[in-house]
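Below: one structure, written as structure tokens.
Index from 1, following the sequence. In what follows, every heavy atom counts, from backbone to side chain, and hydrogens, waters and symmetry copies are set aside.
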Amino acid sequence: MTDVQRVEIEYCTQCRWLPRAAWLAQELLTTFESELTELALRPGTGGVFAVRVNGEVVWDRREQGFPEPTAVKRAVRDRVAPGKSLGHSDT
């Protein structure tokens with residue numbers, strides 16, 4: 001794959017959301033192991049928990065609440081691997 005597919009998870013350090021961000025990162029890396037070229041965890045403050053794909057926000061806790069992993073996987077899949085089956089997560 002020549003295209004860079006970068007996911008960034010920005011999480012609030014004040015809220016101690018690193019474990020949640022790391023767990024979501026693991027889920028995404030496992031699901032998209034051959035599609036993603038980079039996944040970054042970005043410390044933030046002020047209650048932030050956002051997921052970006054190539055700079056585009058695909059999930060923001062302030063607007064959508066905390067994500068279920070399947071919802072984030074679908075949002076990421078739609079941008080990096082349209083048509084990829086997510087198996088039981090698609091049902």
Side-chain angles (χ1 to χ4, degrees):
M1 177 188 327
T2 58
D3 293 332
V4 173
Q5 299 292 346
R6 182 178 196 272
V7 171
E8 175 184 281
I9 301 171
E10 185 178 8
Y11 64 94
C12 180
T13 57
Q14 297 166 311
C15 302
R16 305 217 182 275
W17 287 339
L18 173 60
R20 184 185 297 252
W23 177 74
L24 184 57
Q26 178 183 317
E27 288 288 311
L28 293 173
L29 287 169
T30 301
T31 302
F32 301 104
E33 61 188 354
S34 61
E35 289 86 4
L36 297 181
T37 53
E38 182 179 354
L39 191 143
L41 295 177
R42 181 177 172 197
T45 58
V48 67
F49 195 92
V51 180
R52 295 177 186 86
V53 177
N54 300 324
E56 175 191 358
V57 175
V58 299
W59 198 276
D60 188 335
R61 181 199 65 82
R62 290 182 181 126
E63 296 176 12
Q64 299 158 286
F66 273 111
E68 290 296 321
T70 54
V72 175
K73 287 180 185 182
R74 285 186 197 117
V76 170
R77 185 258 327 263
D78 291 348
R79 284 147 184 93
V80 303
K84 176 183 174 89
S85 171
L86 296 178
H88 69 278
S89 296
D90 267 340
T91 58

Donor-acceptor contact present, side-chain T13 to main-chain T45, <3.5 Å: no
N/O donor-acceptor pair under 3.5 Å between Q14 side chain and G46 backbone: yes
Interatomic distance, D60 atom CG to Q64 atom CD [nearest 0.5 angstrom]: 6.5 Å
hydrophobic_cluster_shared for V51 and F66, side chain cutoff 4.5 Å: yes
Verify same cluster id: W17, V57 (apolar side-chain graph, 4.5 Å): no
Nearest-0.5 Å distance that lies between atom OG1 in T31 and atom CD in Q26: 10.0 Å
All side chain to side chain donor-acceptor pair (under 3.5 Å) counterparts of D78, not counting sequence neighbours: none
Partner of R79 under side-chain hydrogen bond (donor to acceptor under 3.5 Å, both in side chains), chosen from E35, E56, Q5: E56
Hydrophobic cluster membership, L41 vs V76, 4.5 Å side-chain cutoff: yes
Chi angles and distances behind the side-chain contact (heavy atoms from CB on, under 4.5 Å) call for F49, I9: CA-CA 7 Å; F49 195 92; I9 301 171; 4.1 Å; yes
Pairs satisfying salt bridge (Lys or Arg N to Asp or Glu O under 4.0 Å), at least one member in residues 20-33, at least two apart: E27-K73
Any donor-acceptor N/O pair, N54 side chain to R6 backbone, under 3.5 Å: yes
R77 CZ to F32 CZ distance, which is reported to the nearest 0.5 Å: 7.0 Å
ILVMFWY cluster, V48 and W59 together (side-chain gap under 4.5 Å): no
Check: G47 main-chain N/O paired with R61 side-chain donor or acceptor under 3.5 Å: yes
Hydrophobic cluster membership, L29 vs V58, 4.5 Å side-chain cutoff: yes
